[in-house]
Amino acid sequence: MVLSENDNTIPILTFSVIIRIEKLRLMATSIILHNQGGHPIMRTTEMLIPTLREVPAEAEVVSHKLLLRAGFIRKAASGVYTYLPLAQRVLRKIKNIVREEMDKQGGQELLMPIIQPAEMWLESGRWHVYGPELFRLKDRHNRDFCLGPTHEEVITLLMRGEVRSYKQMPQLLYQIQNKFRDERRPRFGLMRGREFIMKDLYSFDRDEAALDVSYKKMHEAYTNVFNRCGLQFRPVEADSGAIGGSSTHEFMVLAESGEAAILYCTKCDYAANVEKATSQPAAGLDPTTQQLALKEVSTPGQKSADQVAAFLSMATGQIIKTMIYQTDKEIVAALVRGDRDVNEIKLQNVLGALTLELAGDAAIQQATGAVAGYVGPVGLKNIRMVADPEVMAMANAVAGANKAEAHFANVNPNRDFKPELVEDIRLVRAGEPCPKCQAELQEAKGIEVGQIFKLGTKYSETLGATFLDENGKEKPIVMGCYGIGVSRTMAAAIEQNNDENGIIWPAAIAPFHAVVIPVSAKDENQVKLAGKLYQELNQTGVETVLDDRTERPGVKFKDADLIGYPLRIVVGGKAIEEGVVEVHQRRTGKTELIPVAQVVEQINKLLPTL
RNA sequence: CGGGGCGUGGCGCAGUUUGGUAGCGCGCUGCGUUCGGGACGCAGAGGCCGCAGGUUCGAAUCCUGUCGCCCCGACCA
C-alpha cells in the first residue's frame, strides 16, 4: 500500500489491515506523539538517519556534502536522489509554507500529470523546440510521451476547455510536483538535478492590467515564502529567455556557490541578473572633440584589445572591439568598447535569433576578409553591425582594419561607419553606475530559487485558449507562470546556513526543532528525565527527537551539529544533581543552564526567535 | 556536446608503472573495559577489483569495447 505524502486518510483495504493500523495508532498515541499529518515523532534508535563520517567523493558543494553526510539524501542516478526521512520533513515544511502563501493570495492547489502526451507538445510547438532536455518515452503502442519539465501545455489546454467568460477569471492554479529535465550536466547535488520538486503556479487573466495584479500578488507571496524560510535573497530583473513574455523576476538566494551572477545597486533597490543588467548609459559624444583624420597603423601580432591598447599606449576603453557572431540566419558584427564584453543574451534578443555563437575563423575570413583580432567596422560590407551605445560615444578610437597586422586610428562612429543597430549589448560589471540612481553597482552570486513570469498570450494564442469579454469579443487568456524550486530551496538554505560542523537549519524549515540527548545512556535517571522532556516538548508542539542511542556523548553531539537541529537539550549529571539541563543553540553556540521545571516553557519561548 | 579525471567490502583510499590471485583507515557484529565533543583492546563478518571480450600458464594490473560517476567549459524553465 502506498500512501501519497499529502494523504492523511488511510484507504480501507481489508479488515486485518484496519485492525493492524488501529493497533499501531493506539500504540503510537500512547508512547509516541503524532504531528505533521500522522508522522510519529521518533527516537533515533528507530529512525533512518545514516550519518557519514567521511564525505563521499562525489560531492563538491557544501549543501551536497552535508545532505549526504547528515543522512538527508542518497543518489539513485546522476541528478536523481532519494529524499530520506529528514529531508522529506524539510521538504514538507517548505511546501507547507509555499502552500500557505499561495493560498493567501487566492491560489488553488491542483495536481497535474507527470506523464504528458506528445500531442500537447506538438500543438504548442515545443515538442520540436525543447530539444534533448525533454525526457521522452513511448508507451506499449509506440505513442510518444514526455515527463513534464513544466506544465504550460497541460494547464493551458485544461483552461481552454473550462474557461469561456471573463467572469471566470482571474484564476490562480498551482501544484507541487516532481519535474524532469534531462540536464546536460546535472551537478551540485540537489541544485541542478534531472528530477526535482517544484511548485508552479499559473495565472489566468482577462487583460494585461489584471495580469499585473496577479504578478504583484506572486511577487509578494514569493517574498513572504523566502523570508519565512529564513533565507537571504533578492528579487532581480531577469532575461525572459526562450519562454518569451514581457517581464520576469528571479528570486536569488545569495551564496558563493550560486550559478547565476547578479548586479545590485548599493543605494537603491535595483537588482538584475547579469544577463539582463544595464548600467547608466555613457555620456554622449563631446561635441567639442575634434575628429582627426582616419589613418592606418601597423600592429603586428597585436590582437586583443588589451594588446593593441598597450602597443599604442592608450586606454583599452579607446579601442572598438568587433566580435563576429553566427546566428541561425546570418553573420553579424557586434561592437563594444575594448574594455567591455558582449552580453550574448542581449545580442541574441536584439537580433531575434534562435541561436548565437562566435563565428569560426573561416566564417570571419569570408565575412570580413580579415582574421580574428584585426576585424573592424570601417569598410565592413554585407554584414549587419550592432553597436553598443557606448561605442557611438567614442571619438578618435582604434579599430581593426580588416586586414592582417593593421588597425585604424582616429575612427569616428557615424563618420567612418554606421551600424544598422545601436542597442545595449554589453555585459555590465561591478563598479558601473546604476541605471536608476547612478550609485555603484555590486556583483554577487545567486542561486535561483524562484522565478515569476508574465507569459502574456504566448501559450493561449498558440493553443487557442480564449474567452469572451464583456463585449462578447473573443480574446486570448493572458497568462503568467510562477515557479519555486522546492528541493533546490532546501539545498540553498544549507548553502547559506552551515559551519564546519554541519547544517544550521532555520527553525521554520528544520526537520525537527530540537534534540534531547541524555549524556549517559546507562544512567537511568538521565534516560528517564530525557524521555520525559522529549514527551513534554512534543506535547507542546516542539518537534523533538530523543537521541536514545547507547553512543558516547561525543558521537551524539557531533551528529546533532551535523544534522543541524536548532536546539539541543543535554541531560547530564547536573540534571540529576542540580536539577538543571543544558539548552544549546546551534546557530549562536549559546548554552544556557535551565531548571528542569522551566525547560519546556523556555524552549517554547525561544523557538519563535530562531 | 568539448576538455580532464575516477570506478577496488557501506564510506574514504592504497595496490595498476614493473601481471603471481587483494590491503589500510573509518563504519559494521560479538565480548570486555570506557563514558560531556566522532574511545580502547581482543575476536569476527564483509570484495566474481563497474561490465563484456581478448592476450597470458596466470589479469585489479596489459589490450579492445562498453556502462556508470565526478569536475571545468558550453548550455540552461
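Worth saying up front: this structure is predicted, and the values here are computed from it rather than measured. A, B, ... follow the sequence lines: proteins, then strands. Residue 1 opens every chain.
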Notebook entry, point to check: Between B:G36 and A:Ser520, is there an OP1 or OP2 to side-chain N/O distance shorter than 4.0 Å?
Noted result: no
Check: So what does A:Val570 touch, heavy atoms closer than 4.0 Å: a base, only the sugar-phosphate, or nothing?
Finding: base
Note to self: Does A:Asp561 reach a base, just sugar-phosphate, or nothing at all? Heavy atoms under 4.0 Å.
What the structure shows: base
Notebook entry, point to check: How close or far is atom P of B:C75 from atom CZ of A:Arg192, stated in whole angstroms?
Noted result: 12 Å
Note to self: Under 4.0 Å, counting only non-hydrogen atoms across every strand here, what does A:Ala59 touch: a base, just sugar-phosphate, or nothing?
What the structure shows: nothing
Item checked: For A:Phe233, the option from A:Leu254, A:Val449, A:Thr223 that meets side chain to side chain contact (heavy atoms under 4.5 Å, CB included) -> A:Thr223
Check: Do A:Glu54 side-chain and B:G25 base share a donor-acceptor contact under 3.5 Å?
Finding: yes
Notebook entry, point to check: When all nucleic acid strands are considered with a 4.0 Å heavy-atom cut-off, which category describes A:Glu357: base, sugar-phosphate, or nothing?
Noted result: nothing
Note to self: Considering every strand and a 4.0 Å limit on heavy-atom distances, what is the contact class for A:Lys75: base, sugar-phosphate, or nothing?
What the structure shows: sugar-phosphate
Notebook entry, point to check: Taking OP1 and OP2 of B:C75, is either one under 4.0 Å from a side-chain nitrogen or oxygen of A:Arg184?
Noted result: no
Margin query: If the cut-off is 4.0 Å, is A:Arg185 near the phosphate of B:C71, judged by side-chain N/O to OP1 or OP2?
Written below: yes
Note to self: Can you tell me if A:Arg53 touches the phosphate of B:G27, counting only side-chain N or O atoms and a distance under 4.0 Å to OP1 or OP2?
What the structure shows: yes
Notebook entry, point to check: Quick check: does any side chain N or O of A:Asn498 sit under 3.5 Å from a backbone N or O of A:Glu495, one acting as donor and the other as acceptor?
Noted result: yes
Note to self: Categorize A:Arg74 for me: base, sugar-phosphate, or nothing, with a 4.0 angstrom heavy-atom threshold over every strand shown.
What the structure shows: nothing
Item checked: Sub-6.0 Å ring centroid separation between A:His219 and A:Phe251 -> yes
Check: Is the CD atom of A:Glu524 crowded by more than 12 outside heavy atoms at less than 6.0 Å?
Finding: no
Notebook entry, point to check: Is A:Pro56 touching bases, backbone alone, or none of the nucleic acid, heavy atoms closer than 4.0 Å?
Noted result: sugar-phosphate
